[in-house]
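Heavy-atom basis, side chains included; hydrogens, waters and symmetry copies ignored.
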Amino acid sequence: MPDQNKIDRLNAELDRRRDDLIALTQDLIRIPTLNPPGENYRLICEYLRDRLAPRYFQCELIRAHDTPGDSEKYPRWNVVARREGARAGECVHFNSHTDVVELGEDWTRDPFGGELDGDRIYGRGACDMKGGLAASIIAAEAFVDTFPDFAGAVEISGTADEETGGFGGVAYLAEKGFFAPTRVQHVIIPEPLGLDCICLGHRGVWWAEIETKGRIAHGSMPFLGDCAVRHMGAVLNEMETALYPALAQKRTEMPVIPKGARQSTLNINSFHGGQDEPEPDFTGLPSAMVPHSARMVIDRRFLIEENIEDVQKEITDLLEKVKSERDGFSYGIREIQRVIPTMTAKDAPVVTSVASAIQNVLGKPAEYVISPGSYDQKHIDRIGQLKNCIAYGPGILELAHQPDEYVEVSAMIDSAKIMGQSLIDLLVD
């Protein structure tokens, strides 16, 4: 653990910056970076640049050209800010995504108001993860001001599209070498996994679209056609009776939270069969047609003990079984995305540093967890080939994507102290 006098100096400085932390968090929430479609990405990157450049961070705005969703109307912008130390050393990088999900219903607060009520700041993205971004910025600024002779470098990035896969954000930057182990040695992603929790990684993901095929006919004479929706119903029945019970038996040693995610899971993400949905202002009736196609998107989350090829085979075997039992059954399957599970070792330098800081600041040992869903660590690991990466930040996981989302100021202060102590450990002592 670093010298306690140094820790006390930094903590006192962070306490003095409480009002600045609140204002910064509110400013970030008030920039509505909704994704999809990807609004105001450049605006928030320019805000972060204008904040950090006067503090001697070298800032780059990087557009992820030709990535999914990138267009002239909705360009995918990212910012990377780097502050070099007084001497050679390693680089600690704080990565936060700037995009937020749709609002949904049932808000009782202004989703983009950044309202402060007691210890809570409300707004879309407050928890996931503009509070974490703000805490990492305050921690980094306080650190470089308190210890200007630090070794190595401190980096902060604000990146696009994590909520839709991260391909216009961290994946693009990793492909361009921003997360190469020769350039960056430690990464902390301030996702809201719990103030005393170090997230070592995440489960795997396999998304696919299944299509069952039929033959179109008049709805009054369905015997002349072949209903693709009924064929898809047979697929759903096989999932319910065979696949779901089998997945419930697959358990992991990964410390996934919540505990219900310590098994393999399958979600039916969407289902469509038959005619397209009419426009909202259409007042007519549907035509009488037998649907010739039905499509279903599945979201399969798998464990580090599982093999991606076996995960795919479970689905194709299920479809082949239905085909062998059902006349006229025909199907197609298309992979949408795959993410391999990742888990950083508990003895990795960034893990041990943050764990020591949690013990010192909170007075209790760190918990080690795994995220049920993936986040941008997947790209830092697989594309950047950088293993020394964790998620750690303020916020309550269950509040993410919810109405009246909030982040607690006290949690942001504590997490900033933990991030700051880790900077002392990795770049000063």
Can you list the residues that meet the side chain to side chain donor-acceptor pair (under 3.5 Å) rule with [X], with sequence neighbours excluded?
| X | answer |
| --- | --- |
| D20 | R51 |
| R120 | Y122, Y406 |
| S410 | D119 |
| D117 | R109 |

Within the side chain of [X], is there an N or O that forms a donor-acceptor pair under 3.5 Å with the backbone of [Y]?
| X | Y | value |
| --- | --- | --- |
| T33 | T98 | yes |
| D70 | D66 | yes |
| E405 | D128 | yes |
| Q185 | C91 | yes |

Original post:
Which ring pair (Phe, Tyr, Trp, His ring centres under 6.0 Å) pairs, counting each pair once, include a residue from residues 125-157, with sequence neighbours left out?
Top reply: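 Sorted pair list: F143-F147, F143-F150.
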**OP:** Please name the residue in the list R183, R83, Q58 that meets the side chain to side chain donor-acceptor pair (under 3.5 Å) test with E155.
**Re:** R183
Subject >> Check against side-chain hydrogen bond (donor to acceptor under 3.5 Å, both in side chains), H202 and T342 >> reply: CA-CA 6 Å; H202 52 73; T342 184; 5.4 Å; no
**OP:** Kindly state whether the ring of Y172 and the ring of H379 have centres lying under 6.0 angstrom apart.
**Re:**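 Between Y172 and H379, the centre distance exceeds or equals 6.0 Å.
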In a table with atom names and distances, give each donor-acceptor pair under 3.5 Å that connects a side chain of residues 253-263 to protein atoms at least two apart or in another chain.
from: R262; atom 1: NE; to: V256; atom 2: O; distance (Å): 2.6
from: R262; atom 1: NH2; to: V256; atom 2: O; distance (Å): 3.3
from: Q263; atom 1: OE1; to: R251; atom 2: NH1; distance (Å): 3.1

Subject >> Heavy-atom closest contact (N95 atom, P190 atom, distance) >> reply: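 N95 and P190 have their closest heavy atoms at O-CD, 3.0 Å.
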